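Here's the structure, in structure tokens; my notes come after.
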Amino acid sequence: MTNSFFSSAPYIPPDAIFALTAKYLSDPSPNKVNLGQGTYRDNNGQPWVLPSVQKARQILDEKGLLHEYLPILGLKGLCDKTAELVFGDEYNQALASRLATSQAISGTGSLHLAGKILKSVSHSEALPKVYIPTPTWSNHHLVFSSLGFEVVPFTYYNAQSKSLGITTYLSTLRSAPQGSIIILHACAHNPTGLDPSIEQWKEIGAIIKERGLFALFDAAYLGFNSGDYNKDAWAIRYFVNELNLEVAVCLSFAKNMGLYGERVGVLLLATSAPEIATNAQSVLESLQRSEISNPPAFGAKIAETVLSDDELKKVWFEDLKTMSGRIQEMRRALFDGLNTYSTGTWNHLIEQSGMFGFLGLPRVAVRTLKDEYHIYMAENSRISIAGLNTGNVEYVARSIGEVLACEKQMFTTDTARILPRDTIH
């Protein structure tokens, strides 16, 4: 074997969702359906450039596009307008003075930057534990474990009832060591689509405050979930404005502005005092300088333009309603189709919200749907509702019904009863 500095490098399998998309793209079937990758598609199955984004691009073109570096912390106007948007009517100079902000490389970058500063300011010899709900977006584990944090998964989803496991959730918070970091999905929990109610959020917040825990909000779907930005940002505002907690808010404009490839994100740190915010911002600047030097400009300028123009922002709010409304229609259409073509109860599907649906299918059914019906979804049966449209939703519902009926029939035979579940194909 050739000597190499990299001879000890292990082989790491490709990311599951990106690998699934690659298989979908190479599938020649005319009936294929991609329910894997979480990107918005219109009713024709095509990417949709938001009218507000189109107008913002025209404005930037008229001004003349400059290719100069941004400051280390990115566009201040974008960060300021994002903070104003997130905190709503409670946003004022007093709150602004307690914020440390930075542009970041979409949601992943903002999470990573938050992890970096939490690591750099840790007071103890051992880093605080990071509590992450199960299931969750896979990058949560990757980001924080790569930074050296001990990641502690806790049960978020009750598979038996197909609902939020709030009892286990609250019990975990009560037993977490002081100073632990808790990853919270601000809305549209990925992958389950199950969010705490307002009363449950209040219970969560009370325990976090009582136990001295740190809340880190992953806020990738604000406005995109319900079509109402104020509604989707409720938990963040409650924690900061009502409970007076220090929090990190990791934002992305990938989903809610359709800026997937532009990688536009913002990190907001709500601190307890202006002088602490000033110091924290200086640390963010140093960390950002060492990692990416400064963030990319084009997408950030689009987002800043939308948020800075009142008329354009109104158009964007309508765009959010358009996207979330179509997703809600497809969720209901799938629910109706499943009730038509299959047995069992599917109420859990319409109790969920946002881009994703958690079907609760066995893995063998997911594999059959991919191999025989050309319907692609994550192995845990999380689907992107945005991949459905009026042309394919009936096919998807009927196919799921057929696969489940076939599986049920197989399990009624003597042979099936003696075989391990995942050996049946």
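On a predicted model such as this, the values are computed, not experimentally measured, just so you know.
- Scanning all heavy atoms of the two residues, the minimum distance from Met377 to Arg382 falls at CB-O, 3.8 Å.
- Taking each heavy atom of Leu127 and Leu147 in turn, the nearest pair found is CD1-O, 4.1 Å.
- For the pair Arg332 and Phe335, the minimum side-chain heavy-atom distance is below 4.5 Å.
- Residues Arg263 and Thr108 have side chains in contact (heavy-atom distance under 4.5 Å, counting atoms from C-beta outward).
- In terms of modelled atom types and a separation under 3.5 Å, the side chain of Ser286 and the main chain of Ser282 share no donor-acceptor contact.
- Here the side chain of Lys129 pairs no donor or acceptor atom with the backbone of Val152 at under 3.5 angstrom.
- Partner of Tyr169 under the ring pair (Phe, Tyr, Trp, His ring centres under 6.0 Å) criterion, out of Phe154, Trp201, Tyr131: Phe154 alone.
- For the 3.5 Å distance criterion, the side chains of Asn256 and Tyr229 fail to qualify, holding no donor opposite an acceptor.
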Yes or no on side-chain contact (heavy atoms from CB on, under 4.5 Å) for His374 and Asn31, after CA distance, side-chain angles and deciding distance?
CA-CA 7 Å; His374 309 278; Asn31 296 321; 5.6 Å; no

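- With a 6.0 Å radius and a threshold of 12 heavy atoms from other residues, nucleotides or ligands, Gln281 has its CD atom above the threshold.
- The backbone N or O of Asp218 lies less than 3.5 Å from no partner atom in the side chain of His185, so there is not a single donor-acceptor pair.
- For Lys116 and Glu291, the salt-bridge test passes: some basic side-chain N is under 4.0 Å from an acidic carboxylate O.
- Under the 3.5 Å distance criterion, the side-chain polar atoms of Ser180 are left unmatched by any main-chain donor or acceptor of Pro128.
- Taking each heavy atom of Ala270 and Leu99 in turn, the nearest pair found is CA-CD2, 3.7 Å.
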Check the pair Lys301 / Glu304 against salt bridge (Lys or Arg N to Asp or Glu O under 4.0 Å), numbers first and verdict last.
CA-CA 5 Å; Lys301 289 179 179 178; Glu304 181 190 38; over 6 Å; no

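- For the residue pair Ser163 and Asn158, no side-chain donor N or O sits within less than 3.5 Å of a side-chain acceptor on the partner.
- Taking NZ of Lys76 as the reference point, atom CG of Leu70 lies at 14.5 Å (rounded to 0.5 Å).
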Please step through side-chain contact (heavy atoms from CB on, under 4.5 Å) for the pair Ser353 and Asp195, ending with a clear verdict.
CA-CA 8 Å; Ser353 66; Asp195 296 330; 3.7 Å; yes

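- For His141 and Thr136, the side-chain atoms include no donor-acceptor pair closer than 3.5 Å.
- Listed here is the closest heavy atom pair of Ser145 and Val151: N-CG2, 3.9 Å.
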Could you go through Leu20 and Glu379, starting from their C-alpha distance and side-chain angles, then the distance that decides it, and tell me whether this counts as side-chain contact (heavy atoms from CB on, under 4.5 Å)?
CA-CA 10 Å; Leu20 188 71; Glu379 281 192 350; over 6 Å; no

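- Looking at heavy atoms from C-beta onward, Phe356 lies out of side-chain contact with Thr192 at the 4.5 angstrom threshold.
- For Lys55, the NZ atom sits in a loose shell: 12 or fewer heavy atoms of surrounding residues, nucleotides or ligands are nearer than 6.0 Å.
- The backbone N or O of Ala176 sits less than 3.5 Å from a side-chain atom of Arg211, completing a donor-acceptor pair.
- Between Val240 and Leu95 the shortest side-chain heavy-atom distance falls below 4.5 Å.
- Here the side chains of Thr305 and Ile302 are not in contact, with every heavy-atom distance at 4.5 Å or above.
- Using cut-offs of 30° and 60° for the angle between ring planes, the Tyr221 and Phe224 rings count as tilted.
- Atom CG of residue Leu111 and atom OG of residue Ser106 lie 9.5 Å apart, to the nearest 0.5 angstrom.
- Under a cut-off of 6.0 angstrom, the local environment of CG in Asp89 is sparse, with at most 12 non-hydrogen atoms contributed by other residues, nucleotides or ligands.
- Side-chain contact check for Phe217 versus Val86: every heavy-atom pair is 4.5 Å or farther apart.
- Smallest separation of non-hydrogen atoms from Thr101 and Cys79: OG1-CB, 3.6 Å.
- In this structure a side-chain-to-backbone donor-acceptor pair under 3.5 Å is present from Ser4 to Phe6.
- Residues Lys321 and Glu318 are paired through a salt bridge, judged by an N-O separation under 4.0 Å between the basic side chain and the carboxylate.
- Using a 4.5 Å heavy-atom threshold, the side chains of Lys370 and Val366 count as separate.
- Of the possible donor and acceptor atoms, one in the side chain of Gln288 sits under 3.5 Å from a partner among the backbone N and O of Gln103.
- A donor-acceptor pair under 3.5 Å is absent between the side-chain atoms of Tyr156 and the main chain of Ile132, judged by distance alone.
- Contact between Ala248 and Leu267 at its shortest, heavy atoms only, is CB-CD1, 4.4 Å.
- For Arg98 (side chain) and Ser272 (main-chain N/O), no donor-acceptor pair under 3.5 Å exists by modelled atom type.
- Salt-bridge formation is not detected for the pair Glu329/Arg326: no Lys NZ or Arg NE/NH1/NH2 atom is positioned less than 4.0 Å from an Asp or Glu carboxylate oxygen.
- With hydrogens and angles ignored, the 3.5 Å screen pairs a side-chain donor or acceptor of Asp232 with a backbone N or O of Ser226.
- Contact annotation: the side chain of Arg363 approaches that of Arg367 to within less than 4.5 Å [non-hydrogen atoms, C-beta and beyond].
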